[in-house]
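Step one of this worksheet: look at the structure below.
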Amino acid sequence: MRKLIGYIVVVLAMALAVSCSLDKGNYDYISLDEPVISGLEDVNVMTFDHLSIVPSVEGVSDGEWEFEWKVLDDNGMMDPAVIGSAMALDYYVSIPPGSYTLYFTVRDEVTGMFWQEHVSLIVSSSTSEGWMVLCSEDGNARLDVVSEVTG
């Protein structure tokens, strides 16, 4: 049994040595036009407001690039949603209040390579954050709402 294992190891070592010697090293390298994405910052927005973001993307020529804006719920309760397909984001906020990650993707149509940046997106509603306080004033019950959004 040991001889059989020894023969198998020798045969595999020889096959490996032969396969490496046949490599001619003829590779087609192309230079990539790598875009530089900047101008993205964390965003706080209210539901049903207008969200507009214009990033700076250097090194991008027209017609050869695709853009995508996508939101991903930080709690994992929602599937990723594409909210834009242009370089500048122009979005009417219709996603539920919560904490999200906003992804901006730049894809080269020729090579299929992509570059991605992400920022935090907090969506709030005037009724989604705050406290309800039950008080007694002059013998009467009173219910107050203290909202973090509106103060």
Side-chain angles (χ1 to χ4, degrees), residues 5 7-135 142-151:
I5 292 174
Y7 289 130
I8 291 173
V9 170
V10 169
V11 169
L12 289 176
M14 289 175 35
L16 181 65
V18 170
S19 67
C20 290
S21 69
L22 298 177
D23 184 13
K24 303 219 186 299
N26 294 335
Y27 304 106
D28 293 330
Y29 293 108
I30 59 171
S31 64
L32 295 175
D33 296 328
E34 194 167 334
V36 177
I37 303 168
S38 60
L40 296 177
E41 297 178 354
D42 292 345
V43 180
N44 292 324
V45 68
M46 299 283 285
T47 55
F48 309 116
D49 274 354
H50 183 78
L51 176 61
S52 180
I53 301 175
V54 181
S56 173
V57 183
E58 297 176 16
V60 172
S61 57
D62 292 338
E64 298 177 3
W65 299 86
E66 293 177 354
F67 304 98
E68 181 181 74
W69 293 89
K70 186 183 294 187
V71 291
L72 180 61
D73 183 10
D74 289 345
N75 297 326
M77 301 299 291
M78 181 179 100
D79 290 333
V82 176
I83 61 171
S85 59
M87 186 166 80
L89 177 63
D90 186 26
Y91 176 62
Y92 177 75
V93 181
S94 61
I95 55 178
S99 178
Y100 297 89
T101 302
L102 176 64
Y103 291 94
F104 176 59
T105 305
V106 179
R107 182 181 317 274
D108 185 349
E109 292 179 350
V110 176
T111 63
M113 298 284 296
F114 69 92
W115 291 263
Q116 191 173 67
E117 293 289 331
H118 68 279
V119 294
S120 174
L121 172 65
I122 306 294
V123 178
S124 301
S125 172
S126 60
T127 59
S128 67
E129 296 180 18
W131 302 272
M132 295 186 81
V133 181
L134 182 60
C135 312
R142 185 181 81 204
L143 186 64
D144 289 336
V145 176
V146 179
S147 173
E148 260 188 44
V149 176
T150 61

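The distance from the OG atom of Ser99 to the CG atom of Asp73 is 7.5 Å, given to the nearest 0.5 Å. Between Ile37 atom CD1 and Met87 atom CE the span is 10.5 Å, to the nearest 0.5 Å. Taken to the nearest 0.5 Å, the CZ atom of Phe48 stands 11.0 Å off from the CD1 atom of Ile95.
For the pair Ser125 and Pro97, the tightest heavy-atom approach, listed with the atom from each and the gap, is CB-CG, 3.6 Å. Counting all heavy atoms, side chain and backbone alike, Val106 lies closest to Pro35 at CG1-CG, 4.2 Å. The nearest pair of heavy atoms linking Gly84 to Leu89 is CA-CD1, 4.2 Å. The nearest pair of heavy atoms linking Met132 to Leu143 is CE-CD2, 3.3 Å.
Around CG of Asp79, the count of heavy atoms belonging to other residues, nucleotides or ligands within 6.0 Å does not exceed 12. For Glu109, the CD atom is densely surrounded, since the number of other residues' heavy atoms within 6.0 Å is greater than 12.
In this structure Phe67 satisfies the ring pair (Phe, Tyr, Trp, His ring centres under 6.0 Å) test with no other residue, sequence neighbours excluded. For Glu68, the salt bridge (charged side-chain N to carboxylate O under 4.0 Å, His left out) test picks out Lys70, with sequence neighbours left out. For Thr105, the side-chain hydrogen bond (donor to acceptor under 3.5 Å, both in side chains) partners are Gln116, not counting sequence neighbours. Ser85 pairs by the side-chain hydrogen bond (donor to acceptor under 3.5 Å, both in side chains) definition with nothing, not counting sequence neighbours. Taking Phe104 as the reference, Trp69 meet the ring pair (Phe, Tyr, Trp, His ring centres under 6.0 Å) condition, with sequence neighbours excluded.
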Determine, step by step, whether Val71 and Val123 satisfy the side chain to side chain contact (heavy atoms under 4.5 Å, CB included) criterion, reporting the C-alpha distance in whole Å, the side-chain angles of both residues, the deciding distance to 0.1 Å, and the verdict.
-> CA-CA 11 Å; Val71 291; Val123 178; over 6 Å; no
Side chain to side chain contact (heavy atoms under 4.5 Å, CB included) assessment of Val93 paired with Met46 | CA-CA 8 Å; Val93 181; Met46 299 283 285; over 6 Å; no
Would you sort out whether Tyr100 and Met78 count as a side chain to side chain contact (heavy atoms under 4.5 Å, CB included), showing the intermediate values?
-> CA-CA 10 Å; Tyr100 297 89; Met78 181 179 100; 3.8 Å; yes
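In this structure, Leu102 and Ile53 have side chains that are in contact, with non-hydrogen atoms separated by less than 4.5 Å. Looking at Trp115 and Val36, their side chains never come closer than 4.5 Å, going by heavy atoms from C-beta outward.
Between the Asp144 side chain and the Val133 main chain, no donor and acceptor come within less than 3.5 Å of each other.
Listed by first and then second residue, the side chain to side chain donor-acceptor pair (under 3.5 Å) pairs that reach into residues 86-97 are His50-Asp90, Tyr91-Ser94, sequence neighbours excluded.
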